[in-house]
Structure formats: structure tokens, C-alpha cells
Amino acid sequence: MCTFYRDQTHECPGRAVWMTTKALNMDIESVSINLEKGEHKTPEYLKMNPFHTVPMYNDNGFVLLESRAIMKYLADKSGETSLYPKDAKKRALIDSRLDFDLGKFWPALKEYAYPQVLQNKLPNPERENDMIDALDNLELLLNQSKYIAGDQMTLADISLFCNVSFLWMSKYDFSKYPKIRAWFEGMIKLPYYKETNQDFNDWIHTKTPIKGH
Ligand SMILES: N[C@@H](CCC(=O)N[C@@H](CS)C(=O)NCC(=O)O)C(=O)O
């Protein structure tokens with residue numbers, strides 16, 4: 001049996017996997033994990049995943065961690081080829097954008113936005129520079145093509161969308177990023193956007209907005 005474990009509040013990586021299952025038209029059982037209640041640290045969960053992270057995917061005992069790896073695996077398994085094509089160059093471009101997300105965008109978001117939104121901390125100017133740099137890079141990418149890795153939507157768009165939406169829903173000011181704004185407005189028109197993002201949007205609206213910058 002295949003089961004996908006995601007955090008109940010649907011922070012960024014779990015939501016990206018969930019959106020991917022919908023984009024691929026895959027009907028996968030999902031289990032909601034309440035991090036605040038420590039459900040990711042129960043003996044049963046730790047047995048599958050000693051790193052106690054979500055998302056996690058369990059395909060008949062084959063356990064996979066890391067959202068981007070799970071998304072790629074699901075795309076390959078589904079046989080659908082537009083989100084993660086087989087062509088070496090197209091795939092390499094998507095991989096490079098996903099690495100940008102994992103290595104640059106997500107760490108900047110975690111250090112800059114998470115403490116403000118989740119712990120009500122003041123913005124850290126150094127971390128703010130990293131966030132601006134990551135957003136400037138994203139704007140540059142979207143200046144080159146309609147989507148993040150070319151002219152069609154791929155896994156890179158879904159992964160980065162979930163991170164950008166954390167900032168967006170926390171009222172970050174995107175006025176100097178017209179390309180990101182246009183791309184984001186397009187992504188929220190996806191037919192499965194509401195189903196996969198509503199709980200997150202409701203949850204984040206109960207948190208502290210990003211402070212002025
Ligand atoms: N790079 C990982 C990040 C996974 C991650 O850190 N998830 C957080 C929730 S957003 C988590 O599991 N936190 C609980 C913990 O680390 O104990 C991915 O993309 O899947």
C-alpha cells in the first residue's frame with residue numbers, strides 16, 4: 001500500500017507533494033501528522049523515519065523522505081511526462097531549479113520568514129538580504145520564461161510555489177516582483193489549488209504577518 005504522510009498545517013514541502021499527487025491525478029492515501037502533538041516522534045513513525053520529518057512517502061515498505069525526491073518519484077511512477085520530462089536537458093533544468101529551491105530559496109525562507117511568522121520575532125536584516133537575493137533570482141528566472149524551468153509548468157513550479165505562498169500569505173510585499181506576481185496569480189488558478197492550499201491559508205492567517213521592510 002502507498003501512503004503519503006504530511007503535516008497537518010500543510011507547511012511548504014508536504015503541500016508541494018500533495019499538489020503533485022493531484023497534478024498527476026494519483027489517488028494516494030494521505031495521513032495527516034500533527035507536529036505540535038509530536039505525532040512525528042511516535043515509535044511507529046520513528047521506525048519508518050528516524051529523522052522524524054514530514055513529508056514522507058511509504059510505497060509498500062519503500063520509504064522515501066525529502067519532498068522533491070518524492071515528487072520526482074511519483075512523477076516517474078505515474079507515467080505522466082510533462083511535469084518531469086524524460087529528456088535529459090529538460091530534466092536537468094528542472095533539477096537545477098529544484099536545487100535552487102532546496103539550497104537557496106527554502107533556507108532563506110526558513111531563516112527570514114519562519115521566525116517572524118511562527119515565533120513573532122523581529123526581521124533579521126542579514127536574513128532579509130538572503131531572502132531578497134533569492135526572490136531577485138526567482139524574478140530573473142521568470143523573466144526568461146513563463147514558468148520556472150521553461151514554457152510549461154513542472155515540478156519546480158509546484159515546489160517553489162509552496163514556498164512563495166508562505167511569504168505571500170504572510171503579507172510579504174511583492175510589489176517589486178511583477179514576474180513572480182503574474183506567475184503566482186496563474187498558479188492559484190490550478191483546479192486543485194483550493195483543495196490543497198485552503199487549510200494552509202486558513203492556518204497561516206492566524207499567524208503574525210511579515211513585518212514591514
Ligand atoms: N527538505 C525537507 C524538509 C522537511 C522538513 O523539515 N519538514 C518539517 C515540516 S515543514 C518537519 O518535518 N519538521 C519536524 C522535525 O524536523 O522534527 C523536504 O523538503 O521534505
Side-chain angles (χ1 to χ4, degrees), residues 1-23 26-59 61-71 73-74 98 101-124 127-128 130-131 134 158-172 184 187-188 190 192-211 213:
M1 195 171 75
C2 303
T3 313
F4 155 51
Y5 298 77
R6 57 190 164 85
D7 63 300
Q8 202 164 49
T9 46
H10 320 301
E11 278 176 44
C12 315
R15 198 156 29 96
V17 176
W18 194 15
M19 284 182 80
T20 302
T21 66
K22 296 291 165 190
M26 289 176 107
D27 194 16
I28 294 173
E29 187 207 6
S30 80
V31 174
S32 179
I33 298 288
N34 187 326
L35 298 182
E36 277 165 20
K37 286 195 182 150
E39 288 174 3
H40 57 317
K41 293 197 176 158
T42 61
E44 301 78 50
Y45 196 85
L46 288 173
K47 204 169 155 203
M48 289 184 284
N49 172 7
F51 295 173
H52 48 79
T53 51
V54 273
M56 169 176 75
Y57 184 65
N58 187 338
D59 184 346
F62 170 64
V63 173
L64 199 55
L65 309 180
E66 290 294 335
S67 56
R68 295 159 194 82
I70 300 170
M71 291 159 76
Y73 176 73
L74 291 175
L98 286 169
D101 185 27
L102 180 62
K104 185 155 181 154
F105 200 96
W106 156 257
L109 178 76
K110 235 178 126 181
E111 295 296 324
Y112 169 70
Y114 275 39
Q116 290 186 65
V117 175
L118 305 178
Q119 294 150 23
N120 203 13
K121 292 205 171 141
L122 286 172
N124 173 333
R127 299 284 81 90
E128 184 168 4
D130 293 343
M131 191 75 256
I158 295 180
S159 192
L160 274 150
F161 169 78
C162 290
N163 288 333
V164 169
S165 86
F166 190 98
L167 278 181
W168 189 286
M169 294 300 159
S170 304
K171 314 251 184 294
Y172 188 83
F184 191 90
M187 293 292 289
I188 63 175
L190 287 168
Y192 44 87
Y193 165 72
K194 245 200 161 141
E195 178 187 355
T196 48
N197 284 265
Q198 193 62 55
D199 287 353
F200 166 75
N201 292 349
D202 292 345
W203 171 77
I204 197 111
H205 283 143
T206 67
K207 302 289 173 194
T208 320
I210 298 273
K211 318 237 170 358
H213 54 101

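Excluded from the calculations below are hydrogen atoms, water molecules and symmetry mates; all remaining heavy atoms, backbone and side chain alike, are included.
- Applying the 6.0 Å contact sphere to NZ of K104 captures more than 12 heavy atoms from other residues, nucleotides or ligands.
- Here A16 pairs with M71, I158, C162 under the side-chain contact (heavy atoms from CB on, under 4.5 Å) rule; sequence neighbours left out.
- Partners of Y114 according to the ring pair (Phe, Tyr, Trp, His ring centres under 6.0 Å) rule, which considers only residues two or more places apart in sequence or in another chain, are W106, F166.
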Pairs under 3.5 angstrom only: tabulate donor-acceptor contacts from the side chains of residues 37-47 to other protein residues two or more places apart or in another chain.
unit_1 : atom_1 : unit_2 : atom_2 : d
E39    : OE1    : N34    : N      : 2.8
T42    : OG1    : Y45    : N      : 3.2
Y45    : OH     : T53    : O      : 2.6

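- When the salt bridge (Lys or Arg N to Asp or Glu O under 4.0 Å) test is applied to D130, the partners found at least two apart in sequence or on another chain are R127.
- Pairing each heavy atom of S159 with each of L98, the nearest pair is CB-CD2, 3.6 Å.
- Partners of E36 under the side chain to side chain donor-acceptor pair (under 3.5 Å) rule, at least two apart in sequence or in another chain, do not exist in this structure.
- Residues meeting the side-chain contact (heavy atoms from CB on, under 4.5 Å) test with N120, sequence neighbours left out: T208, K211.
- The closest side-chain donor-acceptor pair between Y5 and N49, if any, does not fall under 3.5 angstrom.
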Taking it one step at a time, do M56 and L65 satisfy side chain to side chain contact (heavy atoms under 4.5 Å, CB included)?
CA-CA 5 Å; M56 169 176 75; L65 309 180; 3.9 Å; yes
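- Rounding to the nearest 0.5 Å gives a distance of 7.5 Å between CG of L74 and OG1 of T21.
- Counting heavy atoms from C-beta on, the side chains of M131 and F105 come closer than 4.5 Å.
- E66 places a side-chain heavy atom less than 4.5 Å from the side chain of L102.
- The minimum heavy-atom distance linking R6 with S30 is given by the pair NH2-OG, 2.9 Å.
- Listed by chain and number, the residues in a salt bridge (Lys or Arg N to Asp or Glu O under 4.0 Å) with E195 are K22 (sequence neighbours excluded).
- Contact check for I70 versus P55: side-chain heavy atoms found under the 4.5 Å cut-off.
- In terms of the side-chain contact (heavy atoms from CB on, under 4.5 Å) criterion, residue partners of S32 (sequence neighbours excluded) are, by chain and number, Q8.
- The structure places CZ of R68 at 10.5 Å from OG1 of T20, a figure rounded to the nearest 0.5 Å.
- Residues that satisfy the side-chain contact (heavy atoms from CB on, under 4.5 Å) test with P209, not counting sequence neighbours, are K171.
- To the nearest 0.5 Å, the span separating CG on D101 from OG on S67 amounts to 7.5 Å.
- Contact of the L190 side chain with the F161 side chain is not registered, since no non-hydrogen atoms from C-beta on lie closer than 4.5 Å.
- The salt bridge (Lys or Arg N to Asp or Glu O under 4.0 Å) check on K207 picks up nothing, with sequence neighbours excluded.
- Contact between D59 and Y57 at its shortest, heavy atoms only, is CB-CE2, 3.7 Å.
- Taken from CD1 in I210 to OH in Y112, the straight-line distance is 5.0 Å, to the nearest 0.5 Å.
- In this structure, S165 OG and L109 CG are separated by 9.0 Å, a value rounded to the nearest 0.5 Å.
- Interatomic distance, M48 CE to N58 CG, rounded to the nearest 0.5 Å: 6.0 Å.
- Looking at residues two or more places apart in sequence or on another chain, you find no ring pair (Phe, Tyr, Trp, His ring centres under 6.0 Å) involving F51.
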For residues 197-204, which side-chain N or O atoms pair as donor and acceptor with protein atoms under 3.5 Å away, sequence neighbours left out?
unit_1 : atom_1 : unit_2 : atom_2 : d
N197   : OD1    : R15    : NH1    : 2.7
N197   : ND2    : Y193   : O      : 3.1
Q198   : NE2    : D202   : OD1    : 3.1
D199   : OD2    : H10    : NE2    : 3.3
N201   : ND2    : Y193   : OH     : 2.9

